[in-house]
Amino acid sequence: MRPLEDLTGRGRGKKIGFDQLACEEARGFCAENADFALRLAERLRPKLADASLERLFDDVEVPLARMLVDLELAGAAVDTSVLGALGRDAESEITRLEREAHRAAGHEFNVNSPRQLETILFDELGLKPLKRTKTSRSTDAETLEALSEAHELPGVVLEIRQISKLKGTYIDALPALVNPKSGRVHTSWDQTVAATGRLSSTDPNLQNIPIRTALGRKIRAAFVAPPGSVLVSADYSQIELRVLAHLSQDPVLLDAFRTGQDIHQRTAMEIFELKTEAVEREHRTRAKAVNFGIIYGQGESGLAKVLGIARAEAASFIAAYFQRYQGVRRFMNETLEHARAGESVRSLLGRRRLVPAIRSGNRAERLAAERIAMNMPIQGSAADILKLAMLALREPVTPGARMILSVHDELVFEVPEGEVAEAKERIKTAMERVMELAVPLVVDAGSGRDWNAAH
DNA sequence: GGGAAAGGCTTG
DNA sequence: GTACGAGCCTTTCCCA
């Protein structure tokens, strides 16, 4: 099929809208798409049936596709004056920091160029490279962090990178994507790219709007509610670990969620053998990393790297975890055996992922496949749940409310000011009841004039 | 000048 | 050589 970009062009400034095409061109493109879709449907429908995927397709994905059209048309309101002010501040801050960087380096250079930075750090200043990329010595954030002990430059570059990343990707880019007629950004949702069943979002990607840093939160605050409305954000609490509790039926995990415990605190108690009051922040931080690692199919080296500890120490954490969470160990082993037998792994709604590399003779490839196999049922089932929640909330929860965004474990709505309390309650209840697991699903809902305030 | 690769960084 | 799933930015390199 002809890519749409062949007709519309691509890239900033040159791309035209579909509505700008000559009618004959648009007609040809649409006809070709419809023809291919029909012919594919005839061939693929029997395969769906063979794989027991017809219910997932007919009852979830197709209705969701119609709903995503509504989301795309609705769009999200962006206050470009907020971004304009942030852009001017960021501009002058970058200019100031660049002068700093040039002075620290001893001459001018392009701070955005990893190549040039590599030469300056490792050849001119004589700093020690920490790791390699495919073709060079790495200058990534982790490296610069470590090098900042030894020299002034790496820290300055880190600051510049942080600001210019946010400026380039969000502050400068978003206003250009605002539709002049609606005054809003209209992302494209894709149901067919993420292998686990998650949605993805492009042009702009609204699933990676910053939140971590102060500047990031200011950018997020540029996503606003229209006058008279507020944004309501509702997100699942620890959905992936709850899914794991359900899939594995692990008694400790089940107990933790049934009794409403802080899951990272509980894991800290289990693997470090501590009483509640003995758990310190550092214990919890490490336990949290272990919990994330479990979801990702962690290895010893991966955990050691994240926590900055010796491999042997990480190994003992993992051993302690599986000692305490034997149901999780059993579930992971069964999932691996299943995949090794040549079967696909599946989410709760039956979505499948094949992992043929699990029988690879290449160790790295095989281990990567094992991580994929262990993670897919967890991430995939969480994606199933969010999709069911979207469908459950297809009709407005209050007369003037409408859904505008979906971000993996979070749904965002525009709600008229007078309907907020009722909308929050209905959204929360609907999301929590969408599927009955062995542990409760818990949803936190917030509201505010902008996305940062609501989250 | 365009496209792809590389390096890097944002998010859940 | 190392954690799962994504998308987008700038620079660099190569080719027509």
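Quick note on labels: first sequence line is chain A, next is B, and so on, each numbered from 1.
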Q: Evaluate the ring planes of A:Phe272 and A:Phe317, with Trp represented by its six-membered ring, and classify them as parallel (under 30°), tilted (30 to 60°) or perpendicular (over 60°).
A: perpendicular
Q. For A:Ala373, which contact category applies under a 4.0 Å heavy-atom criterion: base, sugar-phosphate, or nothing?
A. nothing
(Q) So, OP1 or OP2 of B:dG8: does either fall under 4.0 Å of a side-chain N or O from A:Ser138? (A) yes
Q. Atom CD of A:Gln298 and atom P of C:dA3: how far apart are they, to the nearest Å?
A. 12 Å
(Q) Output the rounded distance in Å from CD1 (A:Ile372) to C1' (C:dT2). (A) 13 Å
Q: Give a yes/no on whether any side-chain N or O of A:Arg212 is located under 4.0 angstrom from OP1 or OP2 of B:dT11.
A: yes
Q. Just how far, in rounded Å, is C1' of C:dC8 from CG of A:Leu166?
A. 13 Å
Q. For C:dT12, does OP1 or OP2 lie under 4.0 Å from any side-chain N or O of A:Ser113?
A. yes
Q: Mind calculating the distance between CG (A:Asp190) and P (C:dC8) to the nearest angstrom?
A: 11 Å
Q: For B:dA6 versus C:dT2, give the span between their P atoms, rounded off to a whole number of Å.
A: 14 Å
Q.
Out of the candidates A:Leu405, A:Thr187, A:Asn208, A:Val407, only one should pair with A:Ser201 under the side-chain contact (heavy atoms from CB on, under 4.5 Å) rule; please name it.
A. A:Thr187
Q: Ignoring backbone atoms, establish whether A:Asn110 has a side-chain N or O less than 4.0 Å from OP1 or OP2 of C:dT11.
A: yes
Q. Considering only the P atoms, how many Å lie between B:dG8 and C:dG1, rounded to the nearest integer?
A. 15 Å
Q) So what does A:Ala304 hit on the nucleic acid, given a heavy-atom distance under 4.0 Å: a base, only sugar-phosphate, or nothing? A) nothing
Q. Does any N or O in the side chain of A:Glu365 come within less than 3.5 Å of the main-chain N or O of A:Ala357, such that one atom is a donor and the other an acceptor?
A. no
Q) When the distance from CD of A:Gln379 to C1' of C:dA6 is rounded to whole Å, what number comes out? A) 9 Å
Q: Could you please name the option among B:dC9, B:dG12, C:dG5 that lies closest to any side-chain atom of A:Ala194?
A: C:dG5
Q) A:Ser301 side chain N/O closer than 4.0 Å to the phosphate oxygens (OP1, OP2) of C:dG1? A) no
**Q.** Touch class at under 4.0 angstrom, heavy-atom based, for A:Leu199 against every strand present
**A.** nothing
Q: Kindly say if A:Lys134 contacts the phosphate of B:dA6, meaning a side-chain N or O under 4.0 Å from OP1 or OP2.
A: yes
Q | Distance test, side-chain N/O of A:Thr135 to OP1/OP2 of B:dG7, below 4.0 Å | A | yes
(Q) Counting the atoms with a prime plus P, OP1 and OP2 as sugar-phosphate, which does A:Arg371 contact under 4.0 Å by heavy atoms, base, sugar-phosphate, or nothing? (A) sugar-phosphate
Q. Are any of A:Ser200's side-chain N or O atoms less than 4.0 Å away from OP1 or OP2 of C:dG7?
A. yes
Q: Decide yes or no, distance alone: a donor-acceptor N/O pair under 3.5 angstrom between the base of C:dT10 and the side-chain of A:Asn112.
A: no
**Q.** Touch class at under 4.0 angstrom, heavy-atom based, for A:Arg353 against every strand present
**A.** sugar-phosphate
Q | Flag if over 12 foreign heavy atoms under 6.0 Å of CD, A:Glu25 | A | yes
(Q) Using a 4.0 Å heavy-atom cut-off, does A:Gln116 contact any base of the nucleic acid, only the sugar-phosphate backbone, or nothing at all? (A) sugar-phosphate
Q.
For C:dG7 and A:Thr202 - does any side-chain N or O of the residue sit under 4.0 Å from the phosphate oxygens OP1/OP2?
A. no
Q: With heavy atoms under 4.0 Å as the rule, sort A:Val193 into base, sugar-phosphate or nothing.
A: sugar-phosphate
Q. Rounded to the Å, how far apart are A:Asp203 CG and C:dC8 C1'?
A. 9 Å
Q: Looking at every strand, decide which applies to A:Ala364 at a 4.0 Å heavy-atom threshold: base, sugar-phosphate, or nothing.
A: nothing
Q: Under 4.0 Å between any heavy atoms, over every strand shown, what does A:Ala382 touch: base, sugar-phosphate, or nothing? Just pick one.
A: nothing
Q.
I'd like to know if the side chain of A:Arg217 and the backbone of A:Ile211 have a donor-acceptor N/O pair within less than 3.5 Å.
A. yes
(Q) Give me the distance, rounded to whole Å, that separates C:dA3 from B:dG7 when you measure between the P atoms they each carry. (A) 16 Å
Q. Hey, does A:Ser136 reach any base, or is it just sugar-phosphate, or nothing, if we go heavy atoms under 4.0 Å?
A. sugar-phosphate
Q) Which part of the nucleic acid, if any, lies within reach of A:Gly293 when heavy atoms closer than 4.0 Å are counted: base, sugar-phosphate only, or nothing? A) base
Q. Atom CD of A:Gln207 and atom P of C:dC8: how far apart are they, to the nearest Å?
A. 11 Å
Q | Residue mapping more 5' on DNA chain C - nearest nucleotide basis, A:Asn375 or A:Thr133 | A | A:Thr133
Q) Would you say A:Arg132 reaches C:dG1's phosphate, i.e. side-chain N/O to OP1/OP2 under 4.0 Å? A) no
Q.
Tell me if the side-chain of A:Arg198 makes a donor-acceptor pair with the base of B:dG12, cut-off 3.5 Å, by modelled atom types.
A. yes
Q) Once you round it to whole Å, what is the distance between C1' of B:dG7 and CZ of A:Arg161? A) 8 Å
Q. Is the backbone of A:Asn179 close enough, under 3.5 Å, to the side chain of A:Arg184 for a donor and an acceptor to pair up by distance?
A. no
Q. Does atom CZ of A:Arg132 have more than 12 heavy-atom neighbours, drawn from other residues, nucleotides or ligands, at distances under 6.0 Å?
A. yes
Q: Please work out which of the three classes, parallel, tilted or perpendicular, describes the rings of A:Tyr296 and A:Phe292, given edges at 30° and 60°.
A: tilted
(Q) Once you apply a heavy-atom cut-off of 4.0 Å, does A:Asn205 come out as touching a base, just sugar-phosphate, or nothing? (A) sugar-phosphate
(Q) Does A:Ile209 reach a base, just sugar-phosphate, or nothing at all? Heavy atoms under 4.0 Å. (A) sugar-phosphate
Q) Does C:dA3 pair with anything, Watson-Crick or G-U wobble, both distances under 3.5 Å, and if so, with which nucleotide? A) none
Q. Closest to the A:Asp140 side chain: B:dC9, C:dC13, C:dA3?
A. B:dC9
